[in-house]
Amino acid sequence: MSYDANTYWGRQGLERAILDALAATGKDVGKLTIDDLAPADQFHSGGKSSTVRLARLAGLKPGMRVLDVGGGLGGPARTLAAEFGCQITVVDPTESYVRTGEALTARVRLADRVSHRVGDALTLDTGGSMFDIVWTQNSGMNIGDKERLYAGFARVLRPGGLLAFQEPMAGPVQPPIFPVMWAPDATTNFLRAPDAMRAMIEAAGFRATAWDDVTAELAGPSTGAAVPAHAIQRIVMGNAVDEITRAGKRNRDEGRIVMIQAVLVRA
Ligand SMILES: C[S@@+](CC[C@H](N)C(=O)[O-])C[C@H]1O[C@@H](n2cnc3c(N)ncnc32)[C@H](O)[C@@H]1O
């Protein structure tokens, strides 16, 4: 199967679907906070708490310029702005996520600190801007050319800047059970083992200061029934999330997919 981010990830009417799903839980969508939004805009294992974990691991400080690559709907970016005082540019190839992300950012009045752009991780164009932090959470799984991906991260980071990521990687038992959140089958799944990833990233000009296996800590729901209607996973994937969740539990329990949070300094 060929891969196109807009086809695989994109959805029409996403802002409306998110607001309606949150309203159904009793939220006042006229007064949403980033915590109200979190189940519906943090699209990765561990939700908002894993974003905060990674931000602390990276030691994010007010005023830091962050490029969030594959930043999706911008849930992580809004957290970094509201709780860590950072200035974030979100880049994502999925146009409906960029539009919805902009609308949600305006809704929680963070547009002065978070901007959203359409763009691909493999062809990052920052107009010459250099960032203090390149941030990426659960967004490289569909990318085979990881050497190019990480070389691109190094290119847009100032010397001494940090790469902070959370990524699923191949566990000691292969292959994974499909479908996974990012791929219905092996043709669009590009995970490598942690040791191979670390060696490749260090060869791209980084030195790891933290490399944590957070598989157990960030374990998601074990059954589809535990994924509510206002979870972004269900809003985007619909009922397919039930089988994805079953496979996800097996992938974790059987050591087929592991989750890594890491911070690396650009040499
Ligand atoms: C599971 S979502 C994670 C979104 C966001 N990082 C978060 O944690 O909320 C995966 C994201 O990867 C993005 N993505 C897929 N292929 C990409 C690429 N080539 N470059 C950048 N982002 C990509 C998708 O558009 C989607 O937003």
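In this text, all values refer to a predicted model and were calculated from it rather than measured experimentally. Just so you know, ligand 1 is whichever comes first in the structure, and atom 1 is the first atom listed for that ligand.
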Per-atom contacts, ligand 1 versus Gly72 - under 4.0 Å to a heavy atom: 4 (C), 5 (C), 27 (O)
Give me the ring orientation class for Phe43 and Trp9: parallel if the planes are under 30° apart, tilted from 30 to 60°, perpendicular past 60°. perpendicular
Quick check: closest heavy atoms across Val114 and Ala81, and the distance to 0.1 Å? CG2-CB, 3.6 Å
Using a plain distance cutoff, I'd like to know if Asp92 has any nitrogen or oxygen under 3.5 Å from a nitrogen or oxygen of ligand 1. yes
Before signing off on this row, confirm whether Asp120 and ligand 1 have an N or O atom pair separated by under 3.5 Å. yes
Could you walk me through whether Asp212 and Arg53 satisfy the salt bridge (charged side-chain N to carboxylate O under 4.0 Å, His left out) test, starting with their C-alpha distance in whole Å, then the side-chain angles of each, then the deciding distance to 0.1 Å, before giving a yes or no? CA-CA 11 Å; Asp212 295 351; Arg53 186 195 191 285; 3.1 Å; yes
Residues Glu167, Lys146: salt bridge by 4.0 Å N-O rule: no
Verify, without hydrogens or angle tests, whether Ser96 (side chain) and Gly10 (backbone) share a donor-acceptor contact under 3.5 angstrom. no
Of the backbone atoms (N, CA, C, O) and the side-chain heavy atoms from C-beta on, which set of Ile143 has a member under 4.0 Å from an atom of ligand 1: side chain, backbone, both, or neither? side chain
Out of all atoms in ligand 1, which are within 4.0 Å of some heavy atom of Pro76? Include the element for each. 7 (C), 8 (O), 9 (O)
Residue selection (non-hydrogen contact nearest atom 5 (C) of ligand 1) among Gly47, Gly119, Gly70: Gly70
May I ask you to decide if Trp182's main-chain N or O and Asn142's side chain share a donor-acceptor pair within less than 3.5 Å? yes
Using non-hydrogen atoms of the residue, decide whether Pro93 is closer than 4.0 angstrom to ligand 1. yes
With heavy-atom distances below 4.0 Å as the criterion, list the atoms of ligand 1 near Asn138. 1 (C), 2 (S), 3 (C), 10 (C)
Using ring-ring contact (aromatic ring centres under 6.0 Å, His included), reason through Trp211 and Phe165 one step at a time and then give a plain yes or no. CA-CA 10 Å; Trp211 188 278; Phe165 70 73; 5.7 Å; yes
Geometry only, no angles: is His44 polar-contacting ligand 1 at N/O separations under 3.5 Å? yes
When you measure from the side chain of Asn6 to the backbone N and O of Glu95, does any donor-acceptor pair fall under 3.5 Å? yes
What protein heavy atom sits nearest atom 12 (O) of ligand 1, and how far away is it? Ser139 CB, 3.4 Å
Contact atoms of ligand 1, heavy-atom distance to Tyr97 under 4.0 Å: 26 (C), 27 (O)
Distance from atom 20 (N) of ligand 1 to nearest protein heavy atom, with residue and atom: Ala121 N, 2.9 Å
Output the list of atoms in ligand 1 that are nearer than 4.0 Å to some heavy atom of Thr94, sorted by atom number. 24 (C), 25 (O)
Is a side-chain donor or acceptor of Arg78 paired with a backbone partner of Ile34 at a separation under 3.5 angstrom? no
Nearest heavy atom to atom 15 (C) of ligand 1: which of Phe43, Trp182, Tyr8, Tyr3 does it belong to? Tyr3
